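See structure below.
For clarity, every value in this text was computed on a predicted model and none was experimentally measured.
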Amino acid sequence: MSKVPLTVRGAEKLRQELERLKRVDRPRVINAIAEARAHGDLKENAEYHAAREQQSFIEGRIKDIESKLSHAQIIDVTNINANGRVVFGATVDVLELDNNEEHTFQIVGEDEADSKVGMISITSPIARGLIGKSEGDVTKVQVPGGVRELEILEVRYE
């Protein structure tokens, strides 16, 4: 499996979630299963089946996070000298020329993406259109809604 890019902040969030799953959620579900077993007949015990289903979800998520972290290439954008170019982890202020709206995007890994707060995946059309460009450049980006023309106002590495 190839390396998956991840920001330092994204890797830390995954580590925190993994810690919570292992130290809080897993023991809580194990206790719930033990308590449900104590009630007797497991065939018709809804609490037991719900706890087992939750345990399955937690164990799957733990494996998923461990796999992602083991294959992650953690990139600290504050240590990169990209000479004003848009790179993975950069925060980019753009002006959408069609409607004169300003947007701020941070280019992050797929697992970190959250478009509501401006964190876009490296694999998204907008990120692919911005990578390698510099302040003042104008780029046309094909998105599902059509073509967007973006002018790069500022590139930050924070």
- Query: If every non-hydrogen atom of Glu158 is compared with every non-hydrogen atom of Thr78, which pair is closest and at what distance?
  - Reply: C-CG2, 3.8 Å

- Here the gap from Ile107 atom CD1 to Ser124 atom OG, rounded to the nearest 0.5 Å, amounts to 7.0 Å

- Message: Does any part of the side chain of Thr104, heavy atoms only, come nearer than 4.5 Å to the side chain of Arg156, both counted from C-beta?
- Response: yes

- Task: Rounded to the nearest 0.5 Å, what's the gap from CD1 on Ile122 to CZ on Arg128? Could you check?
- Result: 9.5 Å

- Below 4.5 Å, heavy atoms only, C-beta onward: do Asp98 and Val147 meet side chain to side chain? no

- Message: Before you tell me yes or no, could you show the steps for Glu110 and Lys68 under salt bridge (Lys or Arg N to Asp or Glu O under 4.0 Å), namely the whole-Å CA-CA distance, both residues' side-chain angles and the distance that decides it to 0.1 Å?
- Response: CA-CA 11 Å; Glu110 288 183 18; Lys68 287 175 181 172; over 6 Å; no

- Message: For the CD atom of Glu59 and the NZ atom of Lys22, what is their distance to the nearest 0.5 Å?
- Response: 9.5 Å

- Under a 4.5 Å cut-off applied to non-hydrogen side-chain atoms, are Asp93 and Glu102 in contact? no

- Query: Out of curiosity, Gln16 CD to Ile65 CD1, how far, rounded to the nearest 0.5 Å?
  - Reply: 11.0 Å

- Message: Any non-hydrogen side-chain atom of Tyr48 less than 4.5 Å from a side-chain atom of Ile33?
- Response: yes

- Would the number of heavy atoms belonging to other residues, nucleotides or ligands and lying under 6.0 Å from NZ of Lys13 be above 12? no

- Under 4.5 Å between side-chain heavy atoms, hopping through other hydrophobics if needed: is there a path connecting Val94 to Leu97? no

- Message: Please give me the minimum heavy-atom distance between Ser121 and Ala113, naming the atom from each residue.
- Response: N-CB, 3.7 Å

- Message: side-chain contact (heavy atoms from CB on, under 4.5 Å), that's the test. Do Leu6 and Leu14 meet it? Break it down for me.
- Response: CA-CA 10 Å; Leu6 203 58; Leu14 282 177; 3.8 Å; yes

- Message: Same cluster or not: Val108 versus Val92, using hydrophobic residues (I, L, V, M, F, W, Y) connected whenever any side-chain heavy atoms lie under 4.5 Å apart?
- Response: no

- Note on the structure: Heavy-atom nearest pair, Pro125 first then Val143, reads CB-CG1, 4.2 Å

- Message: Please check: side-chain N/O of Glu151 versus main-chain N/O of Glu96, any donor-acceptor pairing under 3.5 Å?
- Response: no

- Item | Common cluster, Phe105/Ile131, ILVMFWY with side-chain heavy-atom separation under 4.5 Å | yes

- With the 4.5 Å side-chain cut-off for hydrophobic clustering, are Val77 and Met119 part of the same group? no

- Spatial distance of atom CG (Leu69) from atom CG (Asp64) [nearest 0.5 Å]: 9.5 Å

- Got a sec: does the CZ of Arg26 have more than 12 other heavy atoms crowding it under 6.0 Å? yes

- Task: Would you check if Arg61 and Ile58 make a side-chain contact, meaning some heavy-atom pair closer than 4.5 Å?
- Result: no

- Taking the side chain as every heavy atom from C-beta outward, state whether Leu130 and Ile152 have any atom pair closer than 4.5 Å. yes

- Message: Apply salt bridge (Lys or Arg N to Asp or Glu O under 4.0 Å) to residues Glu12 and Arg15 and explain how you reach the verdict.
- Response: CA-CA 5 Å; Glu12 185 55 36; Arg15 284 189 197 104; 3.8 Å; yes

- His71 versus Ser67: any side-chain heavy-atom pair under 4.5 Å? yes

- Query: Hey, does Ile80 have a side-chain heavy atom less than 4.5 Å from the side chain of Tyr157?
  - Reply: no

- Task: Output yes when a side-chain donor or acceptor of Glu135 lies under 3.5 Å from a complementary backbone atom of Val155, and no otherwise.
- Result: yes

- Does any N or O in the side chain of Glu112 come within less than 3.5 Å of the main-chain N or O of Thr7, such that one atom is a donor and the other an acceptor? yes

- Task: Report the C-alpha distance between Glu47 and Glu35 in whole Å, list the side-chain angles of each, state the deciding distance to 0.1 Å, and finish with yes or no for side-chain contact (heavy atoms from CB on, under 4.5 Å).
- Result: CA-CA 9 Å; Glu47 290 88 11; Glu35 187 176 314; over 6 Å; no

- Item | ILVMFWY network linking Ile120 to Val87, side-chain heavy atoms under 4.5 angstrom | yes

- Heavy-atom neighbours of Glu53 CD exceed 12 at 6.0 Å: no

- In this structure, CG of Leu21 is separated from CZ of Arg28 (nearest 0.5 Å) by 9.5 Å

